[in-house]
Undergrad: 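Below you'll find the structure I mean.
Here is the naming used below: chain letters follow the sequence lines, and residue numbers restart at 1 for every chain.
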Amino acid sequence: GAVVSQHPSWVICKSGTSVKIECRSLDFQATTMFWYRQFPKQSLMLMATSNEGSKATYEQGVEKDKFLINHASLTLSTLTVTSAHPEDSSFYICSARPARSTPTDTQYFGPGTRLTVL
Amino acid sequence: AQSVTQPDIHITVSEGASLELRCNYSYGATPYLFWYVQSPGQGLQLLLKYFSGDTLVQGIKGFEAEFKRSQSSFNLRKPSVHWSDAAEYFCAVGSSYKLIFGSGTRLLVRP
């Protein structure tokens, strides 16, 4: 149980285009989902927290107009990288927190999406 | 501010040898601490966690970790490493519902 999927697993796009990444909780409802960015050989940096039915909360330094997050249902959150540029190339990871979980409960992580912007 | 430090970027051990991965944290209150493992193509998997009680916690795959408040540490250990343990390991501290990750330690296992 507690499986999180991401689609696509990898994507290559041209500079200036937009890319959408989906994050789904397959067997549980997730009121909260998180989006992380991971640079090579570095840690996961939290980009934003999305709560179902409300606006996402972005971490300091993350451009909300560039990284659009939508959490329209209890099982799906999307991250859209708008007008992507090579510096946006990275590994994007989502995680989901089940409904009624506590701070001591773990998040469940997707396998990640590798974005390459040419 | 909360932070997590994993001082070892990578560690190489021989199969069958013991392992200790270091993690130090900075947190004002009693921390919620986690160890995750990241393997290629898979999401981060929780190995174990600590938030109260016995300071020695047991996890999956034969891992354990000990919380030492005086040293602000939460080191991960395994008595005998298997080749399948080769992966990236992340220590994290929970802040409310968020996680703050260390930079990770890559474990290489020699045959």
Side-chain angles (χ1 to χ4, degrees), chain A residues 1-10 21 23-27 30-52 56-62 91-114, chain B residues 1-11 21 23-25 27 29-54 57 59-60 65 67 74 87-108:
Chain A
V3 177
V4 176
S5 70
Q6 280 185 242
H7 178 79
S9 55
W10 58 270
I21 302 170
C23 175
R24 293 182 184 271
S25 56
L26 299 184
D27 48 6
T31 49
T32 304
M33 290 184 170
F34 303 88
W35 286 95
Y36 296 85
R37 185 172 178 176
Q38 185 180 26
F39 292 98
K41 301 183 180 181
Q42 293 189 31
S43 182
L44 284 74
M45 301 300 297
L46 180 63
M47 300 174 64
T49 303
S50 75
N51 292 296
E52 185 265 338
T57 302
Y58 291 81
E59 295 299 304
Q60 191 172 9
V62 177
F91 195 55
Y92 293 88
I93 299 173
C94 75
S95 69
R97 182 177 289 281
R100 294 181 295 280
S101 64
T102 70
T104 61
D105 293 325
T106 184
Q107 303 169 15
Y108 296 96
F109 289 83
T113 297
R114 172 77 57 194
Chain B
Q2 301 93 343
S3 66
V4 180
T5 302
Q6 293 180 248
D8 303 306
I9 297 173
H10 54 79
I11 283 182
L21 302 182
C23 172
N24 293 96
Y25 67 90
Y27 193 75
T30 300
Y32 307 141
L33 294 161
F34 305 82
W35 272 101
Y36 290 90
V37 59
Q38 184 182 37
S39 299
Q42 300 181 31
L44 273 75
Q45 182 183 22
L46 177 69
L47 290 174
L48 46 79
K49 64 180 180 181
Y50 169 82
F51 57 94
S52 69
D54 193 344
V57 292
I60 63 171
F67 170 64
F74 188 55
E88 188 88 21
Y89 291 81
F90 289 95
C91 180
V93 62
S95 173
S96 184
Y97 288 90
K98 298 180 183 180
L99 290 175
I100 299 167
F101 286 88
S103 54
T105 297
R106 177 162 295 279
L107 174 64
L108 304 174

Undergrad: Show me the pairs that pass side-chain hydrogen bond (donor to acceptor under 3.5 Å, both in side chains) and involve residues 40-52 of chain B, at least two apart or across chains.
TA: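 Counting only pairs at least two positions apart or across chains, the side-chain hydrogen bond (donor to acceptor under 3.5 Å, both in side chains) contacts touching residues 40-52 of chain B are Gln45(B)-Lys61(B).
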Undergrad: Where on Phe91(A) is there a heavy atom nearer than 4.5 Å to chain B: the side chain, the backbone, both, or neither?
TA: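 Contact with chain B is through the side chain of Phe91(A) alone.
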Undergrad: What part of Gln6(B) lies closer than 4.5 angstrom to a heavy atom of chain A: side chain, backbone, both or neither?
TA: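 Neither part.
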Undergrad: Given heavy-atom pairs under 4.5 angstrom as the criterion, report whether the side chain, backbone, both or neither of Leu99(B) touches chain A.
TA: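 Leu99(B) touches chain A through backbone and side-chain heavy atoms alike.
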Undergrad: Please confirm whether the backbone N or O of Leu46(B) pairs with a side-chain atom of Thr106(A), one donor and one acceptor, at under 3.5 Å?
TA: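 It does not hold such a pair.
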Undergrad: For the residue pair Phe90(B) and Ser43(A), what are the closest heavy atoms and their distance?
TA: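 Where Phe90(B) meets Ser43(A) most closely, the heavy atoms are CE2-CA, 4.0 Å.
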Undergrad: Where do Ile93(A) and Gln38(B) land on the side chain to side chain contact (heavy atoms under 4.5 Å, CB included) test, with the steps shown first?
TA: CA-CA 11 Å; Ile93(A) 299 173; Gln38(B) 184 182 37; 3.7 Å; yes
Undergrad: Rounded to the nearest 0.5 Å, what separates atom OG1 in Thr102(A) from atom CZ in Phe51(B)?
TA: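 Interatomic distance, Thr102(A) OG1 to Phe51(B) CZ, rounded to 0.5 Å: 7.0 Å.
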Undergrad: Heavy-atom cut-off 4.5 Å, strictly under: side chain, backbone, both or neither for Ser95(A) against chain B?
TA: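 No part of Ser95(A) comes within 4.5 Å of chain B.
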Undergrad: Which distance, rounded to the nearest 0.5 Å, do you find between the CD1 of Ile100(B) and the CG of Leu46(A)?
TA: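 Nearest 0.5 Å value for the CD1-CG distance: 9.0 Å.
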Undergrad: Sort Tyr32(B) into side chain, backbone, both or neither according to what part of it lies under 4.5 angstrom from a heavy atom of chain A.
TA: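 For Tyr32(B), the contact with chain A is made by the side chain alone.
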Undergrad: Look at the side chain of Gln107(A) and the backbone N and O of Tyr97(B), then say whether any donor-acceptor pair between them is shorter than 3.5 Å.
TA: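 The answer is yes, because a donor-acceptor pair under 3.5 Å joins these two groups.
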Undergrad: So with a 6.0 Å cut-off around CD1 of Ile9(B), is the heavy-atom count from everything else above 12?
TA: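 No, because the 6.0 Å sphere around CD1 of Ile9(B) holds 12 heavy atoms or fewer from other groups.
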Undergrad: Can you tell me which of Leu33(B), Val4(B), Leu44(B) forms the most heavy-atom pairs within a distance under 4.5 Å of chain A?
TA: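 The option with the most such pairs is Leu44(B).
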Undergrad: Enter the distance from Met45(A):CE to Phe101(B):CZ here, rounded to the nearest 0.5 Å.
TA: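 One gets 11.0 Å once the value is rounded to the nearest 0.5 Å.
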Undergrad: With a 4.5 angstrom heavy-atom cut-off, which part of Thr49(A) approaches chain B: side chain, backbone, both or neither?
TA: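 Thr49(A) touches chain B through side-chain heavy atoms alone.
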Undergrad: Between Gly104(B), Gly102(B), Gly94(B), who has the most heavy-atom pairs with chain A when the cutoff is under 4.5 Å?
TA: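 It is Gly102(B).
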